[in-house]
Amino acid sequence: MSSTPYAGPPPLIVVMGVSGSGKSTVGAALAQRLGVPFADADDFHPAANIAKMHAGHPLDDEDRYPWLEAIGEWLAEYDAEGGSMSCSALKRIYRDQLRRHAPRVSFVHLDGTHEVIARRQASRPGHFMPASLLASQFATLEALEPDEHGVVLDVDQSVDAIVQQYVDLIADPR
Ligand SMILES: Nc1ncnc2c1ncn2[C@@H]1O[C@H](COP(=O)(O)OP(=O)(O)OP(=O)(O)O)[C@@H](O)[C@H]1O
Ligand SMILES: O=C(O)[C@H](O)[C@@H](O)[C@H](O)[C@H](O)CO
């Protein structure tokens, strides 16, 4: 199992989805399996964004714009080397913004029901994101469109199974 599980250039992925869908957990696990660097978009938020969410207010497009620019710059920096970034990327325009920096980026949407994700959020007390914002995350979410490069994976399975499903998909893209 020492060889890389892909042919061609190292994958450059954004693991996307609503808060609590497992982006940080799966993004890091995928980075390890693919042998590429990992970064968490939560670490790119200006302090004002964190404070706003912590106070129970959803971010708007204006709040997200500079944050997405910073994430796009990271993707551009790791374009050749490959990388795994966990970032909500909820709207098509946000993904378009990231693609302007790194056109080959591929999205891995961690998809799940409100029920499953709310349960997971409830079991990680102390996170800055209040569970009350989950409804707004779902309301903002726009699914990947057919012309967008990416895959959708069901979160209601183990992290290992999600990683394996992704590796199988890139080995045998349909
Ligand atoms: N496939 C899984 N099975 C069981 N638990 C999981 C799975 N994926 C993630 N978790 C757990 O669910 C919780 C949320 O995961 P995580 O923090 O990775 O989500 P996130 O999408 O990065 O959230 P946020 O965007 O709010 O930071 C964590 O407690 C994590 O350990
Ligand atoms: O676009 C957004 O609203 C943000 O990315 C949020 O989703 C949080 O940063 C993150 O997911 C932490 O819970």
Side-chain angles (χ1 to χ4, degrees), residues 13-34 37-75 83-101 105 107-144 148 150-169:
I13 59 174
V14 167
V15 181
M16 61 168 278
V18 299
S19 171
S21 57
K23 301 181 295 292
S24 307
T25 309
V26 173
L30 277 171
Q32 192 175 20
R33 180 71 188 273
L34 298 170
F38 169 68
D40 193 328
D42 280 350
D43 298 333
F44 291 63
H45 276 303
N49 281 4
I50 301 280
K52 188 171 179 179
M53 289 186 276
H54 190 54
H57 306 294
L59 301 181
D60 59 26
D61 290 352
E62 211 179 308
D63 299 319
R64 289 184 179 117
Y65 185 85
W67 170 67
L68 289 164
E69 281 297 285
I71 293 159
E73 282 163 20
W74 188 92
L75 292 170
S84 169
M85 165 67 82
S86 65
C87 171
S88 48
L90 297 175
K91 290 188 189 181
R92 166 85 198 221
I93 55 165
Y94 303 159
R95 299 189 292 271
D96 288 341
Q97 189 178 345
L98 298 179
R99 272 186 289 264
R100 282 197 288 277
H101 290 270
V105 70
F107 290 85
V108 179
H109 179 192
L110 298 181
D111 190 29
T113 62
H114 189 288
E115 191 198 345
V116 168
I117 294 173
R119 206 184 312 130
R120 290 203 181 145
Q121 274 196 333
S123 65
R124 53 159 203 186
H127 193 279
F128 67 82
M129 191 76 174
S132 59
L133 283 184
L134 187 55
S136 100
Q137 292 269 303
F138 272 105
T140 307
L141 176 67
E142 294 171 0
L144 287 169
E148 294 189 87
V151 298
V152 181
L153 303 177
D154 184 357
V155 298
D156 201 7
Q157 52 183 335
S158 72
V159 174
D160 284 352
I162 295 172
V163 169
Q164 190 57 48
Q165 200 186 352
Y166 181 74
V167 166
D168 290 345
L169 277 170

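Each ligand, and each atom within it, is numbered from 1 in the order the structure gives.
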**Complete:** Correct closest heavy-atom pair for Cys87 and Trp67 would be SG-CH2, 3.8 Å
**Request:** Mark the output for Gln121 as yes if a heavy-atom distance to ligand 1 is under 4.0 Å, and as no if none is.
**Result:** no
**Message:** Using a 4.0 Å cut-off to any heavy atom of Val159, which atoms of ligand 1 qualify?
**Reply:** 1 (N), 2 (C), 7 (C), 8 (N)
**Request:** List the closest protein heavy-atom neighbour of atom 9 (O) of ligand 2: residue, atom name, distance to the nearest 0.1 Å.
**Result:** His45 NE2, 2.8 Å
**Request:** Give the numbers and elements of all ligand 2 atoms closer than 4.0 Å to a heavy atom of Arg64.
**Result:** 1 (O), 2 (C), 3 (O)
**Item:** Which segment of Val155 sits under 4.0 Å of ligand 1 when only heavy atoms are counted
**Value:** backbone
**Asked** Which of the numbered atoms in ligand 1 are below 4.0 angstrom from a heavy atom of Ile162?
**Response** 1 (N)
**Asked** Does ligand 1 have any atom sitting under 4.0 Å from a heavy atom of Ser21?
**Response** yes
**Item:** atom 4 (C) of ligand 2: nearest protein contact (heavy atom, Å)
**Value:** Ser88 OG, 3.6 Å
**Asked** Short N/O distance, under 3.5 Å, between Trp67 and ligand 2?
**Response** no
**Item:** Residue, atom name and distance, where the atom is the protein heavy atom closest to atom 7 (O) of ligand 2
**Value:** Gln137 OE1, 3.1 Å
**Item:** Exceeds 12 heavy-atom contacts within 6.0 angstrom, atom CD of Gln165
**Value:** yes
**Asked** Any idea which protein heavy atom is nearest atom 12 (C) of ligand 2, and the distance to it?
**Response** Asp42 OD1, 3.3 Å
**Request:** Would you mind telling me if ligand 1 is within reach of the side chain of Lys23, the backbone, both or neither, using heavy atoms under 4.0 Å?
**Result:** both
**Message:** One residue to check: Leu110. Relative to ligand 1, which of side chain, backbone, both or neither has a non-hydrogen atom less than 4.0 Å away?
**Reply:** neither
**Fill in**
Quick note on ligand 2: atoms under 4.0 Å from a heavy atom of Lys23 include exactly 11 (O)
